[in-house]
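Please read the structure below before turning to the comments.
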Amino acid sequence: MPLSESPFAAVVLAAGKGTRMKSERPKVLHEVCGRPLAAYPTQAAVAAGASPVVVVVGHQAEAVEAALVAALPSAPLRFAVQAEQRGTAHAVLAAREALRGHTGPIAILSGDTPLLSAATVRALVDARSRERAALAFATMPLDDPRGYGRVVRDAAGRPMRVVEEKDASPEERAIREANAGLYCADARFLWEALGQVGAANAQREFYLTDLIALAASGPGVVAVPVSPAEAHGVNDREELSRANRELTRRLAVAFMKSGVTVEDPERFDVDAGVEIGADTVIEPNVRLRGRTRIGSGCRIGQGAVLTDTVVGDGVTVNPYTVTDQSTVARGAILGPFSRLRPGCEVGEEAHVGNFVEMKKTRLGRKSKANHLTYLGDSEIGAGVNVGAGTITCNYDGEKKHPTRIGDGAFIGSDSILVAPIEIGPGAYVAAGSTLTRSVPAGALAVGRARQENKEGWVAERQARKQKK
Ligand code: UD1
Ligand code: CA
């Protein structure tokens, strides 16, 4: 069996509060590309082949656990609780029970390194077996290593220990080689060494980084260089934004490689897991969120924000359109400035125009609602023309009521349809009507005051004024 197939477990440390975030929310739940920070290293461990993967939770443990299960529903995760956060070594010890019986290598990852790839986790695991060391740890060269533990090497260049910044001498602080916070340890060494870690340091914490000195002076340690682009940790909001940008850039590159035009990847926001078909053009400042899927040959206009929206092939979404939990069928045209609230289905080649708001509404094939309209709780057939300013009055202050409009109906401009109401197929509604009763198929409904013209009225008024 090749070395790279030896079974290994992983521990993801996600119990800390993340004080530097200045947040009520645990750091590992802050999101990058729509997913919690900790979901990324956890996913990397799973993808690298780790089994089991134990996530150590503590600060707001239930919330962290729930968010990870939601983000990675099919991952074989176990959770261990570190009730008090007394340092990274203490956190790994909390996973011991969950790893009872596991004798193979154990990879340890930080929950705050969202850019880490599965390949790098794998490389670290492999390096340890290859070098037959008790411990492998990842290091990276940084121009600005502030906040990271520094790697202290002996005269022969062998790693001796890692010193945390708060405990470092000025000379040690000048070291640019940083501890990336990714480790792989032999199980026996790990549990034994953790028992020897104390908290006599600047932060009164049990540092996992003490393992490096313990391995270096005993069964051996190997330092594995990794790319800083991957191992950057997120400790504050600035680093969060940088991680988000970097991950977005990677997603944009992947889209471009698969045939999507992303006009400006620096002005594009996308959640992990979004899908886009080939030959679709994404204009600047588009944001695609959640489980959005876009077909091929579409154009997504500037400033559009699509959340959990499924878009068929050849759809045009004009600028500044906002959609949520809706589907848009092949060849449809939305926007500019359309809004689809949850539960809308826009049919093939249908048009939804500017300042049109829809909610829980199905708009049939080739139907059009092009201007200034509200359609709520409506079933609208095929080939219907909804005139400018049409409003479905779906709410009576207590309940919502449905509106049904049959195929081929014509709703004149400025019509008020008081629901529940049904407009039959092919019926006409005269402009400016307020309708409270249903309209049979093929009928014309006029629901407005009749116009009266008073001939000569202006001249008569002038004459009356002059008399006074
Ligand atoms: C840690 C390393 C540092 C390294 C850096 C790399 C230690 C002592 N220091 O520092 O050498 O350069 O990572 O990013 O390990 N956590 C717990 N329980 C705790 C404390 C922390 O689960 O009691 C978790 C946190 O939620 C976080 C991870 O461990 O996900 C790392 O903790 P953090 O406080 O960010 O460590 P750093 O100060 O960045
Ligand atoms: Ca960190």
Side-chain angles (χ1 to χ4, degrees), residues 10-21 23 25-30 32 36-42 44-45 54-61 63-65 67-68 79-95 108-116 120 135 137-142 144-152 159 161-168 172-173 175-183 185 194 197-213 223 226 228 230-240 242-243:
V11 176
V12 181
L13 306 183
K17 179 174 191 303
T19 314
R20 289 165 278 183
M21 295 296 282
S23 178
R25 205 199 290 191
K27 174 171 77 176
V28 295
L29 290 193
H30 283 262
V32 168
L37 273 178
Y40 291 94
T42 307
V54 181
V55 184
V56 179
V57 294
H59 182 69
Q60 294 186 27
V64 175
E65 182 170 339
L68 286 178
F79 291 88
V81 178
Q82 182 197 21
E84 248 186 293
Q85 287 77 59
R86 300 175 64 194
T88 44
H90 184 254
V92 175
L93 270 176
I108 301 167
L109 294 76
S110 276
D112 64 353
T113 51
L115 303 171
L116 196 65
T120 295
L135 177 71
F137 74 113
T139 81
M140 55 184 173
L142 289 181
D144 178 8
R146 250 177 307 167
Y148 287 87
R150 310 295 208 281
V151 180
V152 181
R161 59 195 176 90
V162 164
V163 59
E164 289 307 293
E165 176 157 288
K166 287 186 176 144
D167 302 292
E172 287 166 340
R173 275 185 205 187
I175 296 172
R176 298 268 181 87
E177 187 183 8
N179 170 30
L182 169 66
Y183 316 83
L194 284 174
V197 173
N201 52 53
Q203 304 187 78
R204 300 264 161 264
E205 281 186 2
F206 295 88
Y207 290 164
L208 187 57
T209 45
D210 285 1
L211 293 194
I212 286 112
V226 300
E230 279 202 26
H232 259 296
V234 170
N235 295 310
D236 58 29
R237 307 239 186 191
E238 195 189 344
E239 287 168 337
L240 182 72
R242 272 197 239 123

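This one's a predicted model, so the numbers in the text were calculated from it and none came from an experiment. We're numbering straight along the sequence, starting at 1. Every number for a ligand or one of its atoms is a count from 1 in the order of the listing.
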(message) Would you say that Ile212 contacts Tyr183 through its side chain, given a criterion of any heavy-atom pair below 4.5 Å between the two side chains?
(response) yes
(message) Need the ligand 1 atom indices (1-based, order shown) with element for anything under 4.0 Å from a heavy-atom of Gln82.
(response) 17 (C), 18 (N), 19 (C), 22 (O), 23 (O)
(message) Under a 4.0 angstrom heavy-atom cut-off, which atoms of ligand 1 come close to Gly149?
(response) 3 (C), 4 (C), 11 (O), 12 (O)
(request) Specify whether the nearest protein heavy atom to atom 13 (O) of ligand 1 is under 4.0 angstrom away. (result) no
(message) Show the atoms of ligand 1 that are less than 4.0 angstrom away from any heavy atom in Ala15.
(response) 17 (C), 18 (N), 22 (O), 26 (O)
(request) Could you name all protein N, O or S atoms found under 3.0 Å from the Ca ion (ligand 2)? (result) Asp112 OD2, Asn235 OD1
(message) Using a strict threshold of under 4.0 Å (side-chain N to carboxylate O), is an ion pair present between Lys27 and Glu239?
(response) no
(message) Under 4.0 Å, heavy-atom basis, I'd like to know which part of Ala91 is in contact with ligand 1: side chain, backbone, both or neither.
(response) side chain
(request) Please work out whether any backbone atom (N, CA, C, O) or any side-chain heavy atom from C-beta onward of Lys27 is under 4.0 Å from ligand 1, and answer side chain, backbone, both or neither. (result) side chain
(message) Looking only at protein heavy atoms, which one is nearest to atom 16 (N) of ligand 1, and what is the separation?
(response) Gly16 N, 3.9 Å
(message) Just to be sure I read this right, does ligand 1 sit under 4.0 Å from the backbone of Ala89, its side chain, both, or neither, counting only heavy atoms?
(response) neither
(message) Taking 4.0 angstrom as the limit and counting only heavy atoms of Arg20, give me the atoms of ligand 1 inside it, by number and element.
(response) 34 (O), 35 (O), 37 (P), 38 (O), 39 (O)
(request) Run the salt-bridge test on Glu165 and Arg173 with the 4.0 Å N-O cut-off and return the result as yes or no. (result) no
(request) Please write down residue, atom name and distance for the protein heavy atom closest to atom 10 (O) of ligand 1. (result) Glu164 OE1, 4.0 Å
(request) With heavy atoms only and a cut-off of under 4.0 Å, state how Ala180 meets ligand 1: side chain, backbone, both or neither. (result) backbone
(message) Side chains of Val151 and Phe137, heavy atoms from C-beta outward: is any pair under 4.5 Å?
(response) yes
(message) Quick check on contacts: which atoms of ligand 1 are under 4.0 angstrom from a heavy atom of Ser110?
(response) 28 (C), 31 (C)
(message) Please tell me whether Gln85 and His59 have a donor and an acceptor in their side chains that are separated by less than 3.5 angstrom.
(response) no
(request) Look at atom 15 (O) of ligand 1 and say which protein heavy atom is nearest, naming residue and atom and giving the distance to 0.1 Å. (result) Thr88 OG1, 2.7 Å
(message) Heavy-atom pairs closer than 4.0 Å: do any link ligand 1 to the side chain of Arg86, the backbone, both, or neither?
(response) backbone
(message) I'd like the name of whichever of Asn179, Val151, Thr139 reaches closest to atom 4 (C) of ligand 1 through any heavy atom.
(response) Asn179
(request) Scan Lys166, Arg161, Arg150 and name whichever one has a salt bridge (Lys or Arg N to Asp or Glu O under 4.0 Å) with Glu172. (result) Arg161
(message) Quick check: do Pro41 and Ser110 have side-chain heavy atoms less than 4.5 Å from each other?
(response) no
(message) So if I count the atoms of ligand 1 from 1 in the order they appear, which ones are less than 4.0 Å from some heavy atom of Asn235?
(response) 35 (O), 39 (O)
(request) Would you check whether Val56 reaches within less than 4.0 Å of ligand 1, judged by its heavy atoms? (result) no
(request) Pull out every atom of ligand 1 sitting under 4.0 Å from any heavy atom of Thr209, numbered as shown with elements. (result) 7 (C), 8 (C), 9 (N), 11 (O), 15 (O)
(message) For Glu84, which part has a heavy atom under 4.0 Å from ligand 1: side chain, backbone, both, or neither?
(response) neither
(request) Would you mind listing which atoms of ligand 1 come within a distance below 4.0 Å of any non-hydrogen atom of Tyr207? (result) 8 (C)
(message) Just so I know, are the side chains of Thr113 and Glu230 near enough to count as touching, which here means a heavy-atom distance under 4.5 Å?
(response) no
(request) Measure across Pro26 and Gln60 and return the closest heavy-atom pair with its distance rounded to 0.1 Å. (result) CD-OE1, 3.2 Å
(request) Taking the side chain as every heavy atom from C-beta outward, state whether Asp112 and Asn235 have any atom pair closer than 4.5 Å. (result) yes
(message) When you compare ligand 1 with Gly87, is there at least one nitrogen or oxygen pair between them that comes in under 3.5 angstrom?
(response) yes
(request) Please state which part of Thr113 comes within less than 4.0 Å of ligand 1, counting heavy atoms only: side chain, backbone, both or neither. (result) neither
(request) Establish whether atom 19 (C) of ligand 1 and some protein heavy atom are separated by less than 4.0 angstrom. (result) yes
(message) Give me the nearest non-hydrogen protein atom to atom 30 (O) of ligand 1 as residue plus atom name, then the distance to 0.1 Å.
(response) Leu13 O, 2.8 Å
